[in-house]
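Numbers for residues simply follow the sequence, beginning at 1. Both ligands and their constituent atoms are indexed starting at 1 by order of listing. Computed over heavy atoms, backbone and side chain alike; hydrogens, waters and symmetry mates excluded. Everything quoted here is computed from the prediction, not taken from an experiment.
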Amino acid sequence: MELKFSDITPSFGVELSEDYQLTHFGDNEITWLKQLAAERGVVVVRDQAMDAQSQAEFGRRLGNLFKSPMSKKDVPEELIPIFAGPKSKAVAGAGWHSDVSSEAITPGLSMLRMEVVPASGGDTLFADMYRAFETLSPSMQAFLKQLSARHDPKGHYLYLSGAKKLEELPSAVHPVVRTHPLTDRNALFVNAGFVGQIQELSPRESEALLSMLYDHIAYSVSIQCRIQWAPNTVVFWDNRVVQHHAAFDYFPEVRRGYRLTVVGEAPFLNDKN
Ligand code: SIN
């Protein structure tokens, strides 16, 4: 099973190049989509005839979905509203992060579908955590493979939306380098949106190391890509190996869409890698 796509950069991000409708995908195409996202991080699909119901139905075919009590009455409970308008002072996701990494069982794919976009701006930036790890020195890679990090729910959509208090949501400890089960490749797995501290280091050491790693992610433009949205664009990203950052540069215009997020697995490091 091979669908046609074009590369966004030589190694990161692809856009399906034909007029594929996700709602017509069979099981083979779904398996292929998951593998493609695992290998290339980000998959863009344009012009999707989809509403909130059909997005949720499609999402359920990708796996178990995180639930969102923030959804309105007529919106499926798996969809997280993504909205900014004339009264928005800030938006969720405006900083490098991977989705809800404070969960013990962290996400696999996220799927964001945009309905209304500003005349310009409102792009989402993505960064490749395979390459973030691989472009560090061998000595740093070896050091990071011994470490784990505590991820706190400070960036959790249920906390940011006011649906839950911080203390009602759990923290989790995950390896700083994780292996993707579908590619067996290692990726850097710390993000500024959620990580509190590296467990094996003092607070000062942890802060210095995290700050170096976050700079490495933010400044390494050759491991990033940037997606410009149009109405009915759908983007999938694999949170195991990708971080993203929503650009909030379009105030006071409206940007509206829905995200769903698939439950993945507890992050692990294959120590043979
Ligand atoms: C998110 O962090 O999931 C939101 C991304 C976006 O709005 O572009």
Side-chain angles (χ1 to χ4, degrees), residues 8 12-13 15 37 41-46 48 52 55-56 59 62 65-71 75-76 78-85 87-103 106-129 151-163 169 189-195 214 217-218 224-264:
I8 294 172
F12 186 49
E15 179 161 335
V42 179
V43 180
V44 179
V45 200
R46 303 283 182 186
Q48 293 304 292
Q55 181 181 359
L62 298 171
L65 302 178
F66 285 92
K67 300 277 168 25
S68 160
M70 300 145 63
S71 291
V75 173
E78 297 98 335
L79 295 195
I80 301 165
I82 300 290
F83 178 81
K87 292 190 183 150
S88 302
K89 294 199 166 52
V91 293
W96 286 110
H97 67 287
S98 63
D99 289 329
V100 290
S101 63
S102 54
E103 296 283 336
T106 56
L109 297 191
S110 283
M111 171 189 187
L112 178 56
R113 180 181 60 89
M114 217 45 92
E115 292 183 347
V116 179
V117 300
S120 64
D123 296 354
T124 309
L125 289 77
F126 294 91
D128 178 351
M129 292 303 109
H151 294 236
D152 296 326
K154 57 189 177 174
H156 202 296
Y157 60 89
L158 294 177
Y159 169 61
L160 296 177
S161 69
L169 293 162
F189 194 64
V190 284
N191 73 88
F194 288 88
V195 168
Y214 297 156
I217 292 163
Q224 298 172 10
C225 71
R226 180 173 185 125
I227 306 299
Q228 200 169 21
W229 295 90
N232 306 319
T233 297
V234 170
V235 178
F236 299 89
W237 63 88
D238 193 325
N239 288 289
R240 302 171 181 100
V241 294
V242 171
Q243 290 191 31
H244 58 287
H245 185 316
F248 185 37
D249 53 1
Y250 51 88
F251 178 83
E253 286 191 65
V254 173
R255 181 177 184 269
R256 189 186 72 225
Y258 291 100
R259 191 189 89 199
L260 60 79
T261 300
V262 183
V263 180

Answer with yes or no after comparing the ring centroid distance for [X] and [Y] against a 6.0 Å cut-off, counting only values under it.
| X | Y | result |
| --- | --- | --- |
| Phe248 | Tyr250 | yes |
| Phe189 | His151 | yes |
| Trp96 | His244 | no |

Among all protein heavy atoms, pick the one closest to [atom] and tell me residue, atom and distance.
| atom | answer |
| --- | --- |
| atom 1 (C) of ligand 1 | His244 NE2, 3.4 Å |
| atom 4 (C) of ligand 1 | Ile82 CD1, 4.0 Å |
| atom 7 (O) of ligand 1 | Arg255 NH1, 2.8 Å |

In terms of side-chain geometry, is the basic nitrogen of Asp152 or Lys154 positioned less than 4.0 Å from the acidic oxygen of its partner?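 Salt bridge between Asp152 and Lys154, a charged N being under 4.0 Å from a carboxylate O: no.
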
Salt bridge present between Arg46 and Glu15 (N-O < 4.0 angstrom):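 Yes, charged N to carboxylate O under 4.0 Å.
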
Below 4.0 angstrom from a heavy atom of [X], which ligand 1 atoms are there? Numbered from 1 as shown, please.
| X | result |
| --- | --- |
| Gly93 | 2 (O) |
| Thr124 | 6 (C), 8 (O) |
| His97 | 2 (O) |
| Asp99 | 3 (O) |

Partner of Asp99 under side chain to side chain donor-acceptor pair (under 3.5 Å), chosen from His156, Arg259, Gln243: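 One option only clears the test, and that one is Arg259.
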
Would Arg259 count as a polar contact of ligand 1, with the cut-off being nitrogen or oxygen pairs under 3.5 Å?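 The answer is yes, given that Arg259 and ligand 1 share an N or O pair closer than 3.5 Å.
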
Pair His97, His245: side-chain N/O donor-acceptor within cut-off below 3.5 Å: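 Distance-only check fails for His97 and His245.
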
Any idea which part of Val91 is under 4.0 Å from ligand 1, heavy-atom wise: side chain, backbone, both or neither?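 Looking at Val91 and ligand 1, no heavy atom falls under 4.0 Å.
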
